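Just so it is clear, the structure is predicted and the values come from calculations on it, not from any experiment.
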Amino acid sequence: MRKLLASPFSSLLAVVFISVISVVRCCSPKDQTALNAFKSSLSEPNLGIFNTWSENTDCCKEWYGISCDPDSGRVTDISLRGESEDAIFQKAGRSGYMSGSIDPAVCDLTALTSLVLADWKGITGEIPPCITSLASLRILDLAGNKITGEIPAEIGKLSKLAVLNLAENQMSGEIPASLTSLIELKHLELTENGITGVIPADFGSLKMLSRVLLGRNELTGSIPESISGMERLADLDLSKNHIEGPIPEWMGNMKVLSLLNLDCNSLTGPIPGSLLSNSGLDVANLSRNALEGTIPDVFGSKTYLVSLDLSHNSLSGRIPDSLSSAKFVGHLDISHNKLCGRIPTGFPFDHLEATSFSDNQCLCGGPLTTSC
């Protein structure tokens, strides 16, 4: 029988195949050790998520919430969210609960680009300061827990950070000065903590920011003028703080600003006409401040307000007739002011309830029972 000899082409294919097999990486042993230490500081009793984190399996392929670089085998993502649409949550029919703390061993995952450990409700302790050594980190989302302590002072070292979400925790201290060095930051959310102090004067140097959500904290001082230069800013929430001073006139010139929540502060002075004439503004809540003067008569055919809340201030004068020419006004609340005169008829007033106008000095006409 003639012996079959391998052709040069088939030999080349074999070499290529062997080469491809050789670059398939398993989880870095160093990273697996760090993940085990990370796991040891946490407890998740209901869903069994950490049951997949077995010593006998590859952390890059079979560990829940872990992703790796396919070439290096380094861990790049930890994505563990307690309120998820993942099948493991749907099967259990419940959201997750996790307790424990964030072990500093997470800082040994030096290729990490995202750390999401959010909405678990029971994670306590502080953010390890060494987190600022993760030079590739782009997403840090620890929202919805019971994390205490301060934002790491050297957070500005995370030069690639695009998302910082620490909302709904129990954090304290001031916004670190270094935070304004995060020039790639697009989303900042610190809502519902105990953050104190003023918003940094150079906050506007964060030119890439589109969402700034700082509501329900203990912030003081005024709205920094530098924010006027944030041309990408669409959502600004400073509600339920202790912000003082006037609403700046320049705020009405922000081209993409669509949501503005300034309610429950100590703002004074008049409402800038440029703000309410900004055709891009969809939601504006200026309620529960000490604003004075009249409601600017600046509405028109381009006005499209999903919600406008000016209640609980000291606004006086008449309701502007130009509101009747607005393209759309969904929700309007001007109650608890010092407004006078007849309530205009027609849209949008014909679909509003009396509570939108109650407790003013001398408003009259429908939907109020007070006749003019």
Side-chain angles (χ1 to χ4, degrees), residues 215 223 228 233-240 243 245-372:
I223 301 172
S228 64
L233 188 60
D235 299 339
L236 177 61
D237 184 356
L238 303 179
S239 63
K240 298 178 178 63
I243 307 295
I247 300 174
E249 186 74 31
W250 51 255
M251 192 163 277
N253 299 324
M254 301 186 75
K255 295 180 180 178
V256 299
L257 187 66
S258 61
L259 180 146
L260 178 63
N261 285 343
L262 300 177
D263 55 294
C264 299
N265 279 288
S266 300
L267 295 168
T268 54
I271 299 172
S274 61
L275 181 64
L276 297 188
S277 64
N278 187 335
S279 59
L281 194 64
D282 296 327
V283 175
N285 190 345
L286 312 180
S287 67
R288 298 181 185 277
N289 281 286
L291 299 173
E292 299 175 322
T294 60
I295 301 174
D297 196 358
V298 293
F299 305 97
S301 60
K302 294 184 178 180
T303 301
Y304 192 101
L305 287 166
V306 175
S307 178
L308 176 61
D309 193 341
L310 307 178
S311 64
H312 294 271
N313 280 289
S314 296
L315 300 172
S316 57
R318 300 173 60 87
I319 299 173
D321 291 331
S322 61
L323 256 174
S324 298
S325 63
K327 182 176 181 180
F328 179 77
V329 178
H331 171 77
L332 174 68
D333 192 346
I334 52 177
S335 64
H336 299 275
N337 278 289
K338 299 177 180 179
L339 299 168
C340 272
R342 180 185 293 275
I343 297 172
T345 57
F347 180 84
F349 304 98
D350 55 5
H351 75 270
L352 298 172
E353 298 182 357
T355 52
S356 294
F357 308 97
S358 63
D359 290 294
N360 273 285
Q361 189 165 332
C362 49
L363 281 180
C364 59
L368 295 177
T369 56
T370 306
S371 59
C372 295

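The closest side-chain donor-acceptor pair between Glu249 and Ser274 falls under 3.5 angstrom. Side-chain contact of Asp282 with Ser258: a donor-acceptor pair under 3.5 Å is absent, judged by distance alone.
The closest donor-acceptor contact from the side chain of Asn265 to the backbone of Leu267 lies at 3.5 Å or more, if one exists at all. Panel note: side chain Ser311, backbone Asp333; no donor-acceptor pair is recorded below 3.5 Å. Put simply, the side chain of Asn360 gets close to the backbone of Asn337: a donor and an acceptor are under 3.5 Å apart.
Residues in residues 282-353 take part in these disulfide bond (SG atoms under 2.5 Å apart) pairs, two or more places apart or across chains: Cys340-Cys362.
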Check against side-chain contact (heavy atoms from CB on, under 4.5 Å), Thr345 and Asp350: CA-CA 7 Å; Thr345 57; Asp350 55 5; over 6 Å; no

Steps toward side-chain contact (heavy atoms from CB on, under 4.5 Å) verdict (Leu323, Phe349): CA-CA 9 Å; Leu323 256 174; Phe349 304 98; 3.8 Å; yes

Test side-chain contact (heavy atoms from CB on, under 4.5 Å) applied to Leu363 and Ile319, step by step: CA-CA 9 Å; Leu363 281 180; Ile319 299 173; 3.9 Å; yes

Derivation and outcome, side-chain contact (heavy atoms from CB on, under 4.5 Å), residues Asp237 and Asp235: CA-CA 7 Å; Asp237 184 356; Asp235 299 339; over 6 Å; no

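Of the inter-residue distances, the one linking Leu291 atom CG with Thr268 atom OG1 reads 7.5 Å to the nearest 0.5 angstrom. The structure places CG of Leu308 at 10.0 Å from OG of Ser287, a figure rounded to the nearest 0.5 Å. Remark: Cys264 SG to Asn285 CG distance equals 7.5 Å, nearest 0.5 Å. Between atom NZ of residue Lys240 and atom CG of residue Asn261 there is a gap of 7.5 Å, rounded to the nearest 0.5 Å. A distance of 10.0 Å separates OG in Ser279 from NZ in Lys327, rounded to the nearest 0.5 Å. Atom OG in Ser316 sits 8.0 Å away from atom CD in Glu292 (nearest 0.5 Å).
At a threshold of 4.5 Å between non-hydrogen side-chain atoms, the residues Ile223 and Ile243 count as touching. Ile295 places a side-chain heavy atom less than 4.5 Å from the side chain of Leu276. Using a 4.5 Å cut-off on side-chain heavy atoms (C-beta onward), Leu315 and Ile334 make no contact. The side-chain heavy atoms of Leu275 and Leu286, taken from C-beta on, include a pair separated by under 4.5 Å.
Of all non-hydrogen atoms in Ile247 and Pro272, the two that sit nearest each other are O-CG, 3.3 Å. Of all non-hydrogen atoms in Ser322 and Ser325, the two that sit nearest each other are O-OG, 2.6 Å. The two atoms that bring Asn278 and Met251 nearest to each other are ND2-O, 4.4 Å, heavy atoms only. Listed here is the closest heavy atom pair of Gly330 and Leu352: O-CD2, 4.2 Å. Nearest heavy-atom pair, Asp321 versus Asp297, reported as atom, atom and distance to 0.1 Å: N-OD1, 4.0 Å. Across Ile343 and Pro367, no two heavy atoms sit closer than the pair CD1-CD, 4.2 Å.
For the pairing with Phe299, the side-chain contact (heavy atoms from CB on, under 4.5 Å) check across Pro320, Ser277, Ser324 returns one residue only, Pro320.
Heavy-atom contacts from other residues, nucleotides or ligands closer than 6.0 Å to OH of Tyr304 number 12 or fewer.
Between His312 and His336, the two ring planes are parallel [angle under 30°; tilted spans 30° to 60°].
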